[in-house]
Amino acid sequence: MNRFFTTKHLILSLTIGAPCLSVAQTGLRPDTVAQREGPTISLGEVIITENRLQLPFTKQNRNIQVIDRQQIEAMPGHSLNELLSYVAGVDLRQRGPFGTQADVSIDGGSFEQALILVNGVKVLDAQTAHNSLNLPIPTDAIERIEILRGPAARVYGINSLTGAINIVTRKSERSDFTVNAYAGSGLKKDTANNDALFNGRGIQVGGTMAGRLGQHTVYGGHDSGNGYRYNTAFRNNKIFYQSEIPTNAKQALSLMGGYVSSNFGANGFYAAPGDRESQEIVQTVLAAISYRAELSERFSISPRVSYRYGYDDYRYFRHDLSRARSQHRGHALNTEINGTLQTTAGEIGVGLEMRNETIRSTNIGDHERDNFGMYAEFKTEKINRILLNAGAYINYNTDYGWQLFPGIDIGYQIDERWKLVAHTGTGQRIPSFTDLYLDQQPGNVGNPAVVPERAWHAEGGVKYTGQQLIAYTNYFYRNIDNFIDWVRENPDTPYQPLNFSKNRVHGLAASANYRLSDPASIVSWMAGLSYTWLSPSVGTSAQQGLISKYAVESLRHQLVANLTLATGRFSGTATARFNERISYKSYFVSDVRIAYRFSPVTIYLDAQNIFDVTYIEAAAVPMPGRWFNLGLKYGL
């Protein structure tokens, strides 16, 4: 979501993939800054969440992109799926609006190869990554989204093969309250192929109570709609709670919990055209408790226990539950302890992790596995102009044994504006229970013989940070061994996963954000442009004459552009994205949001797909045409 305005008088904050602009850098007058949110924090001061060693954004040598709170306020969307769909390098393949269902991948990987986290807590679904984004977090509860591109085993452990997406939730220092209500509509075709209205609506309510007993935050959300084509009606409900309770000046207890239930018609989602009458119900429960303690000026420790429950009920015939129904119940319990030690040479981070995954399923069966990880990192800034970060993750899985994943990144500060960065690292993706054991004849059949995917990644680039221009460009190469793809010999045989020898990707990423207006001007203009080019190749599927389900679906070209205007209480943005997929025609989609604030109320209008483009992001699901959304937000 490469957008730069806020509905609260406007704070231009950052370009995706580059350091953000502080208020001074954007040239906005102080009276244009929203007061209710408190002081604006420059992205350069934001600490990226890495569980052990913590680094400000500006000191990061990796390709990290951030969607901050001001951008989230500005985007014409109300779900995490929609927020991610505008990030260059992120391939968000939606099967409907309002966060119905979507797969996410990074830089040409599969949807199973990107790890999702909430406040650093892994929320991966061992059944299938189709459910990874089914999270109990309304967008109003999100402070920022961090996207780490490239294998991240050294930082986050297993299943971060192509990168990681970490959702950081809001922590207000004072009590507040918000209500955000919205409704939208657009044209669709009814069962007789006549024009009819698609409608959707939603509401998000939340707030924080801060006092002597710490900070306690609760957010709830509801979205529903009649569907933009036959059997795509949806209903989503979610609630999220978090708190931070200080026990003394250097210690604090943190709690997090949430529940989401999504019920939607799944016409064409997975098995078109036979699934016209299919329906899916997905539920997720998240819970975590952690403790942070500074035992001395040099040593701190943080233990954490987290739990995820997932329920997936797929009904191929929604009106006949006696046949072709799949029910899955998955449990994941994760315990970890992270520690950091300050030394004269640099900072050392160490940790241990244990994870148990269990599934009880009608067509996958009952299975369980354990994973154990140990990791260590070292960071130093003692070398003139150089920031070095190196480490390794040692992993043991009860099904696949021992594996080692080292990584190193280095940055060289040429001067105040220019910086050279380089990184090389490794990653792993353990097969899902669906990959291994699914029995869904005649469409899909698992393969217990598949083994984990392993990746080696190298990249290098340059970053520039100035008063008017912030930009970066980098080139990367990724090589995946034992790449897993679902294939079949012909349309009459089921899909089954196989390990292919190699999956190689060459990629180029670039982003720039330029302030067009004079810093003292009453009217502020900002332009942003991000581009990603990918050149993937797959090992042996072509020689064997097999039909691939996922290997040839990645993007080749992706371009995201923005133009933002702000003056006084009014703000507006126009955003366009161009995607060219290897296996599908290219498409160009444009969205617009305009907003007006008269404290404490903001009124906004979204126009999505304004040129009424026909396009498909996933499976056989055409995305909605032109549709409009009107919203009102009240905040204290």
Side-chain angles (χ1 to χ4, degrees), residues 1-3 5 7 71-86 92-102 133 138-140 180-204 221-236 262-269 560-563 571-579 587-596 602-633:
M1 309 298 161
N2 226 357
R3 295 188 172 88
F5 71 87
T7 56
Q71 289 177 288
I72 294 171
E73 290 279 357
M75 297 170 186
H78 300 280
S79 70
L80 175 63
N81 302 355
E82 292 167 321
L83 299 183
L84 290 171
S85 66
Y86 285 87
L92 200 287
R93 309 189 63 193
Q94 300 183 83
R95 291 177 171 88
F98 287 95
T100 301
Q101 201 280 332
L133 295 179
T139 55
D140 282 354
N180 186 5
Y182 42 88
S185 66
L187 287 178
K188 68 171 185 175
K189 296 294 184 181
D190 61 19
T191 54
N193 203 34
N194 298 317
D195 287 339
L197 278 180
F198 155 63
N199 64 77
R201 79 290 300 173
I203 186 170
Q204 298 183 27
H222 167 83
D223 292 293
S224 59
N226 66 345
Y228 65 99
R229 58 192 187 91
Y230 179 74
N231 189 25
T232 57
F234 60 92
R235 180 178 295 272
N236 306 322
S262 299
N263 185 331
F264 50 87
N267 176 14
F269 280 24
V560 180
N562 309 270
L563 183 63
S571 59
T573 193
T575 299
R577 53 192 168 109
F578 172 82
N579 288 338
Y587 55 89
F588 183 89
V589 181
S590 299
D591 302 329
V592 172
R593 169 173 283 195
I594 57 175
Y596 185 81
T602 299
I603 297 177
Y604 56 90
L605 175 66
D606 299 336
Q608 295 185 294
N609 193 2
I610 57 177
F611 297 114
D612 202 25
V613 174
T614 300
Y615 67 104
I616 292 175
E617 291 185 340
V621 183
M623 291 297 289
R626 182 188 304 112
W627 61 293
F628 299 91
N629 204 51
L630 180 65
L632 184 147
K633 187 169 185 178

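Interatomic distance, Ile610 CD1 to Thr575 OG1, rounded to the nearest 0.5 Å: 9.5 Å. Note: Ile594 CD1 to Tyr604 OH = 13.0 Å, rounded to the nearest 0.5 Å. Considering CD of Gln94 and OG of Ser79, their distance stands at 6.0 Å, rounded to 0.5 Å. If you take OH on Tyr228 and CG on Asn199, they are separated by 14.5 Å, rounding to the nearest 0.5 Å. The distance from the OG1 atom of Thr232 to the CD atom of Gln101 is 13.5 Å, given to the nearest 0.5 Å. Rounding to the nearest 0.5 Å places CG of Leu83 at 10.0 Å from CD of Gln71.
Scored by the side chain to side chain donor-acceptor pair (under 3.5 Å) test, Asn579 finds Tyr587 as partners (sequence neighbours excluded). Applying the side-chain contact (heavy atoms from CB on, under 4.5 Å) test to Ile603 and every residue at least two apart in sequence or in another chain returns Phe598, Val601, Leu630, Leu632. The side-chain contact (heavy atoms from CB on, under 4.5 Å) search around Phe578 returns His557, Leu559, Glu580, Ser586, Phe588, not counting sequence neighbours. Remark: Ile203 engages Val179, Ala181, Val205, His222 in a side-chain contact (heavy atoms from CB on, under 4.5 Å) (not counting sequence neighbours). Residues passing the side chain to side chain donor-acceptor pair (under 3.5 Å) test with Asn236 are Ser262, sequence neighbours excluded. For Asp140, the salt bridge (Lys or Arg N to Asp or Glu O under 4.0 Å) partners are Arg69, Lys633, not counting sequence neighbours. Considering only residues two or more places apart in sequence or on other chains, Ser185 meets the side chain to side chain donor-acceptor pair (under 3.5 Å) condition with none of them. A search for side-chain contact (heavy atoms from CB on, under 4.5 Å) contacts involving Asn609 returns Val589, Val613, Tyr615, not counting sequence neighbours.
Contact between Phe611 and Ser590 at its shortest, heavy atoms only, is CE1-OG, 3.6 Å. Scanning all heavy atoms of the two residues, the minimum distance from Gly221 to Pro138 falls at N-CG, 4.1 Å. The two residues Asn226 and Leu197 make their nearest non-hydrogen contact at ND2-O, 3.2 Å. For the residue pair Trp627 and Gln608, the shortest heavy atom distance occurs at CZ2-OE1, 2.7 Å. Heavy atoms only, all atoms of each residue included: Asp223 and Gly202 are closest at OD1-CA, 3.5 Å.
In Arg201, the CZ atom is crowded: over 12 heavy atoms of neighbouring residues, nucleotides or ligands sit closer than 6.0 Å.
A donor-acceptor pair is defined here as one N or O able to donate and one able to accept, closer than 3.5 Å; no such pair exists between the side chain of Tyr182 and the backbone of Gly200. Here the side chain of Arg95 pairs no donor or acceptor atom with the backbone of Ala102 at under 3.5 angstrom. Between the side chain of Asn267 and the backbone N or O of Tyr230, at least one donor-acceptor pair lies under 3.5 Å. Not one N or O on the side chain of Arg593 forms a donor-acceptor pair closer than 3.5 Å with the backbone of Ser571. Remark: the backbone N or O of Phe234 is not paired with any side-chain donor or acceptor of Ser224 at under 3.5 angstrom.
The salt bridge (charged side-chain N to carboxylate O under 4.0 Å, His left out) analysis of residues 608-619, with sequence neighbours excluded, yields the pairs Arg577-Glu617.
Inter-residue side-chain proximity for Thr139 and Asn180 is flagged as unmet; no heavy-atom pair is nearer than 4.5 Å. Thr100 is listed as a side-chain neighbour of Phe269, based on a closest heavy-atom distance under 4.5 Å. Between Arg229 and Val621 there is a side-chain heavy-atom pair separated by less than 4.5 Å. Using a 4.5 Å heavy-atom threshold, the side chains of Glu73 and Thr602 count as separate.
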